[in-house]
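Here is the structure we will look at, set down as structure tokens.
Here the structure is a predicted model, which is why all the values come from computation and not from measurement. Below, read A as the first sequence line, B as the second, and so on, with proteins coming before strands; counting in each chain starts at 1.
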Amino acid sequence: MELPKELLVKFYKDMVRIRTFELKAEELFLQGKLPGFIHLYIGEEAIAVGAMANLRVEDYITSTHRGHGHMIAKGASMRKMMAELYGKKHGYCKGKGGSMHIADVSIGVLGANGEVGGGLPIAVGAGMAIKLQKKDNVVISFFGDGASNRGAFHEALNWASVFKLPVIFLNENNQFASTERVQETTSVENISDRAVGYNMPGVSIDGNDVIAVYETVKEAVERARNGGGPTLIEAKTYRLKGHFVGDPQLYRTKEEVDQRWPNEPISRFERKLIEGGYLTEKEKEQIWYDAKAEVEDSVQFAEQDEYPAPEEALEDLFEDSTNCLY
Amino acid sequence: MREITFSEALGEAILEEMSRDPTIFTYGEDIAKQGGIFGAYKPILGKYQDRIIDTPISEEVIFGSALGASLAGMRPVAEFHFADFLFTGMAAIANQIMKFKYMTGGQGKIHLILRGPDGISKSAAAQHSESIETIFMHIPGIKVIIPSTPYDMKGLFKTALRADDPVICFEHKMLYKMKGPVPEEEYYIPFGVADVKKEGKDVTVIATSRMVHESLAASEELEKEGISVEVIDLRTLVPWDKETVFKSVKKTHKVVIAHETWRRAGWGAEIAATIQEELFDYLDAPIRRVGAKNVHIPFSPPLQDFVIPDKNSVIEAVRSVL
């Protein structure tokens, strides 16, 4: 590992922060404290963290229904995220969106998305804007294996290639589209094979290896910043939790999942860091302790926050809603 | 006053605002070299070539990218080629554009316009003839403008190009070549302000787009029989000008609503329901709706003419409420 120690430790920290947030969200959901439903990023943390380390605040991402990890890695406020999960007034969306619609346009997060593949055309649009503005920013569009079977994916890749847009299509292949296995729904073995059809570089990597993700995305981001156009990256991972919290998971066995746990990205990376002398046991404990404290603080913030007044439901449809609500 | 076409009015609006605002760009199918399938962009051909862009036939990206470009600081004007093809990319409109601001708690001013032709032309049949503006009035989240004259086209579109909310603009194919007075000096028409095209005292006819002209023609004929018709062009459906409509209903006590879209659950039903809910005591007759018959737009001329409302449909409806 030739990367600077601070960067490696930051990878670890951010993965731990995401994991801690997700475990807490799961716990709160099972306690009945969170309305709606949530999709956890547990086991996929290396992708968001490795990718985002290549971005500037002014760069953009589009996220998915499984978006908490992307948000945290891009620098979102955990307090505002947690408050939104609770449906509280000072959440990111003032309680109007919930987990699947968290956005923070001020740091380039152009929305999680409740529609599979819904972020892909939006990412292309941000790429068009960057090109017209003659800037060197980039967009990373995260999407799952299921989204790669939607028309929006194919339209977006063709378009980004034709206009040589600075968009990195970062596929998180977690093996399952909701309850359906990728092999049963997808015509190619590697989703990156589809890049050939759109005349752009395509590569598949181990999505549980944070350094592989970082380095692959780095190359794609540099190409995009220099006018070299889009890249399709498939990060192969495994969804260790159900599609949503409460998923009965009739489509797989507990044994299958148990077999996958040893390959999860955080403990894998932790062993490397400790063996390489980049992290001591004590530092490790501190990182987990700090993450728990940050998450607990976000829970406290959310619990103490108020619910929006019911009539606030009539705000935010338009900038100017005059005569638009009858 | 000088007279220009509906297309020219659109072109002037775009060019004037483009010269003021470098974030405006426009894209879609067949526009940059051809000037649009009905020539809507012919007046702007050769201007701002880096900001007038031909695209692949990829409706979901044409519409969805408008949201992304807007969030990244631009003001896109995306052309939808035919209103029928809004359905092809409807996920990006109804699930993304129309919901983004609301579901994110008001983040961002969404600067984008979707525009293009709707309505019948000469036997374009079912997939190139639809008027589907009602759907965008039904689902919350986009402002709907539907001009009937060159003057309104320019004034409403200039307002749309300065609006802080998403706008969809329906331009009837039969209107692009229509000429009308448009002043040289700059003007804007606010959304939600109807235009009383003709004052009258016996019946109020509320219409948009091509049906405004059919209603005016109907009123001229009825005038010869001594029937005085007030014709109101709503011009925008979200917001719609309740105040002007109500004032007229209180005067005439009889209402006909005319649109080219289907009669069943067309926007006229919404206006009629609102009038009867709030002005029931002022009505002297049931409100009549004029719209397309509840089938698709057929190909053969006699079939198309039978399905689509015209001047005579308005005349018949007006007579029925007297």
Side-chain angles (χ1 to χ4, degrees), chain A residues 60 62 84 91-98 100-106 108 110-115 117-130 132-133 135 137 139 141 150-152 154-156 158-160 162-163 308 312 315-326, chain B residues 22-23 25 27 50-51 53 55-74 76 78 88-89 91-92 95-110 112 140-143 163-166 190-192 236 238-243 270 274:
Chain A
Y60 300 102
T62 61
E84 189 58 36
Y92 260 115
C93 314
K94 305 180 194 168
K96 291 199 177 76
M100 275 191 288
H101 305 300
I102 295 178
D104 187 346
V105 176
S106 71
L110 307 184
N113 216 302
E115 184 183 277
L120 289 155
I122 297 172
V124 166
M128 285 166 70
I130 291 166
L132 285 160
Q133 293 158 349
K135 292 181 177 172
N137 292 114
V139 190
S141 186
R150 280 209 55 213
H154 298 275
E155 288 190 11
N158 178 66
W159 185 302
V162 164
F163 292 107
E312 285 175 42
E315 296 170 3
D316 296 322
L317 182 66
F318 289 120
E319 192 70 18
D320 178 5
S321 289
T322 310
N323 294 336
C324 288
L325 299 182
Y326 58 77
Chain B
T23 70
F25 71 109
Y27 60 103
D50 54 333
R51 290 199 269 153
I53 303 164
T55 72
I57 302 174
S58 299
E59 278 78 6
E60 193 165 354
V61 172
I62 292 176
F63 308 141
S65 67
L67 176 59
S70 166
L71 293 171
M74 298 298 285
T88 315
N95 268 340
Q96 309 297 338
I97 291 172
M98 293 168 78
K99 290 177 182 167
F100 185 88
K101 189 179 182 75
Y102 185 79
M103 67 188 179
T104 62
Q107 290 188 43
K109 291 177 180 169
I110 312 299
L112 70 85
I142 199 162
K143 298 195 173 174
D164 288 328
D165 290 306
F191 295 170
T236 69
V238 179
W240 69 273
D241 184 355
K242 201 153 90 167
E243 195 185 324
E270 173 62 27
T274 306

Report which part of [X] has an atom under 4.5 Å of a heavy atom belonging to chain A: side chain, backbone, both, or neither.
X         : value
Lys99(B)  : neither
Tyr27(B)  : side chain
Phe63(B)  : neither
Ile142(B) : backbone
Ala91(B)  : both
Thr55(B)  : both

Asn113(A) side chain reached by Gln96(B) side chain, heavy atoms, under 4.5 Å: yes

Within-4.5 Å side-chain heavy-atom neighbours: Lys96(A) and Thr104(B):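 Not touching, per the 4.5 Å side-chain cut-off.
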
Would a distance-only check, ignoring hydrogens and angles, find a side-chain to backbone donor-acceptor pair under 3.5 Å from [X] to [Y]?
X         : Y         : value
Glu155(A) : Val61(B)  : yes
Asp165(B) : Asp320(A) : yes
Asn323(A) : Pro239(B) : no

Gln107(B) and Asp104(A): CA distance, side-chain angles, deciding distance, side chain to side chain donor-acceptor pair (under 3.5 Å) verdict: CA-CA 8 Å; Gln107(B) 290 188 43; Asp104(A) 187 346; 5.6 Å; no

Measure [X] against the heavy atoms of chain B and call it side chain, backbone, both or neither at under 4.5 Å.
X         : value
Glu315(A) : backbone
Thr322(A) : backbone
Leu110(A) : both
Asn158(A) : side chain
Ala152(A) : both

Please name the pair of heavy atoms, one in [X] and one in [Y], separated by the smallest distance, quoted to 0.1 Å.
X         : Y        : result
Met103(B) : Cys93(A) : O-CB, 3.2 Å
Ala126(A) : Ala72(B) : CA-CB, 4.0 Å
Trp159(A) : Pro56(B) : CE3-CD, 3.8 Å

Give the member of [options] that has the highest number of heavy-atom pairs under 4.5 Å with chain A.
options                                   : answer
Glu243(B), Glu59(B), Met74(B)             : Met74(B)
Ser58(B), Gly106(B), Gly64(B)             : Ser58(B)
Gly192(B), Pro22(B), Gly108(B), Gly141(B) : Gly141(B)

Rounded distance (nearest 0.5 Å) linking atom [atom1] of [X] with atom [atom2] of [Y]:
X         : Y         : atom1 : atom2 : value
Gln133(A) : Phe25(B)  : CD    : CZ    : 9.0 Å
Trp240(B) : Cys324(A) : CH2   : SG    : 12.5 Å
Ile122(A) : Ser70(B)  : CD1   : OG    : 10.5 Å

With sequence neighbours excluded, residues passing salt bridge (Lys or Arg N to Asp or Glu O under 4.0 Å) with Glu270(B):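 Here no residue qualifies.
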
Test salt bridge (Lys or Arg N to Asp or Glu O under 4.0 Å) applied to Lys94(A) - qualifying residues, sequence neighbours left out: Asp316(A)

Please rank [options] by heavy-atom pairs under 4.5 Å with chain B and give me the top one.
options                                    : answer
Met128(A), His154(A), Met100(A)            : Met128(A)
Tyr92(A), Tyr326(A), Phe163(A), Tyr60(A)   : Tyr326(A)
Leu132(A), Thr62(A), Ile130(A), Leu325(A)  : Leu132(A)
Val105(A), Val124(A), Leu317(A), Asn137(A) : Leu317(A)

Cation-pi, Phe318(A) ring and Lys101(B) (6.0 angstrom, 45 degrees): no

Within 6.0 Å of NZ in Lys109(B), more than 12 heavy atoms from elsewhere: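 Not buried by this count: 12 neighbours or fewer within 6.0 Å.
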
